[in-house]
Amino acid sequence: YAYCAHVQGAQGLGRLGQYSLDPKNAHRNLRNAFGWPDLAPELEWINLQPGARGFGKPHPVLDPGSVMERLLQKDEARFNKVLRGEDGAISKFWHDMRDSPLYTAIADKIDVSSTIPLSIHGDGAPTHKHGGLFTISYRSLVGIGTTRETNFVYSVVQKSDSIEAELEVL
């Protein structure tokens, strides 16, 4: 955001503090004020099901397909390293999975030469004022690199919002 504000100028800063019940408005105001980094994936908003408080609410997520598409456009070498792994790694992975019930149930939907297998991970962490955050991330099962290089954030929710029904939607 800082780079975009420098290049594009920060317009409409007065609107950033406007009260709104819809978090999409706060996001829109930040984006309008500071711009959006080139090739950064768009946030998508999904409506969480009514939870313990009896109402649903919009929640931001980073769609893995959009993240991968933007990474491929921006840095093909990094895409190949952290998502595709070594040459032939994807095909080998699916070959090794051929007898697994997980694979056989969806085998007709998998292109064994290009479908990147992903692992999804959820992890909570305490925070000072919000009672903790729960991060949902994913990584390629064949990618190469450090945890920081290979993990991608899908969404972050307050632990108080991470009831089972809402996590299923995410």
Side-chain angles (χ1 to χ4, degrees), residues 1-4 23-24 27-28 30-31 34-49 51 56-127 130-170:
Y1 284 116
Y3 173 76
C4 288
K24 292 184 203 176
H27 176 256
R28 182 195 65 227
L30 278 171
R31 185 175 174 176
F34 295 114
W36 194 254
D38 287 341
L39 296 176
E42 296 287 333
L43 283 177
E44 291 189 21
W45 293 84
I46 61 172
N47 284 319
L48 295 178
Q49 299 297 319
K57 60 183 175 180
H59 187 81
V61 298
L62 287 167
D63 172 54
S66 176
V67 171
M68 289 181 204
E69 182 179 311
R70 298 291 174 100
L71 180 58
L72 180 60
Q73 291 172 354
K74 184 176 181 177
D75 189 346
E76 187 174 355
R78 181 171 177 234
F79 174 90
N80 287 330
K81 177 184 175 188
V82 302
L83 290 168
R84 293 186 58 83
E86 295 177 354
D87 286 342
I90 293 173
S91 296
K92 181 180 181 331
F93 176 87
W94 292 120
H95 177 77
D96 292 346
M97 290 291 293
R98 71 187 177 277
D99 294 327
S100 164
L102 293 172
Y103 174 77
T104 56
I106 58 171
D108 60 323
K109 296 172 179 59
I110 296 175
D111 177 343
V112 297
S113 65
S114 64
T115 301
I116 298 170
L118 298 178
S119 169
I120 299 172
H121 177 74
D123 198 9
T127 59
H130 296 289
L133 296 174
F134 189 77
T135 302
I136 303 169
S137 62
Y138 60 94
R139 63 181 286 277
S140 168
L141 292 172
V142 295
I144 300 168
T146 65
T147 300
R148 178 172 272 183
E149 292 172 322
T150 59
N151 281 10
F152 296 87
V153 172
Y154 172 71
S155 191
V156 177
V157 295
Q158 289 184 10
K159 277 192 177 179
S160 61
D161 290 338
S162 60
I163 62 173
E164 187 174 333
E166 291 182 347
L167 291 177
E168 281 185 34
V169 173
L170 289 172

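If you're wondering where the values come from, they're calculated on a predicted model, not measured in any experiment.
- Interatomic distance, Phe93 CZ to Leu141 CG, rounded to the nearest 0.5 Å: 5.0 Å.
- The shortest side-chain heavy-atom distance between Ile120 and Tyr154 does not fall under the 4.5 Å cut-off.
- Remark: Lys81 engages Glu149 in a salt bridge, criterion side-chain N to carboxylate O under 4.0 Å.
- Contact detail for Ser155 and Pro60: the closest heavy-atom pair is OG-O, 2.9 Å.
- With rounding to the nearest 0.5 angstrom, the CD1 atom of Ile144 is 4.0 Å from the CD atom of Glu86.
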*Candidate pair Leu118 and Met68, rule side-chain contact (heavy atoms from CB on, under 4.5 Å), full reasoning*: CA-CA 12 Å; Leu118 298 178; Met68 289 181 204; 3.7 Å; yes
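- Put simply, the side chain of Asn80 gets close to the backbone of Glu76: a donor and an acceptor are under 3.5 Å apart.
- Heavy-atom neighbours of Asp96 CG from other residues, nucleotides or ligands within 6.0 Å: above the threshold of 12.
- Taking both residues in full, the closest heavy atoms of Thr104 and Arg98 are given as CG2-O, 3.5 Å, listed atom of the first, atom of the second, then distance.
- Side-chain contact between Arg70 and Leu62: absent, with no pair of heavy atoms (C-beta onward) separated by less than 4.5 Å.
- The main-chain N or O of Leu83 is found under 3.5 Å from a side-chain atom of Ser140 such that the two form a donor-acceptor pair.
- Distance check: Gln73 CD to Phe79 CZ gives 11.0 Å after rounding to the nearest 0.5 Å.
- Using a 4.5 Å cut-off on side-chain heavy atoms (C-beta onward), Ile116 and Arg84 make contact.
- Annotation: side chain of Val156 is not in contact with side chain of Ile136 (no heavy-atom distance under 4.5 Å).
- Here the side chains of Val112 and His95 are not in contact, with every heavy-atom distance at 4.5 Å or above.
- Side-chain atoms of Val142 and Pro117, non-hydrogen and from C-beta on, do get closer than 4.5 Å to each other.
- Ser91 and Ser113 make their closest contact through OG-CA, 3.6 Å (heavy atoms, listed as atom of the first residue, atom of the second, distance).
- Partners of Tyr138 according to the ring-ring contact (aromatic ring centres under 6.0 Å, His included) rule, which considers only residues two or more places apart in sequence or in another chain, are Phe152.
- In this structure, CE in Met97 is found 10.0 Å from CG in Asp99, a value given to the nearest 0.5 Å.
- The structure places OG1 of Thr147 at 7.5 Å from CZ of Arg139, a figure rounded to the nearest 0.5 Å.
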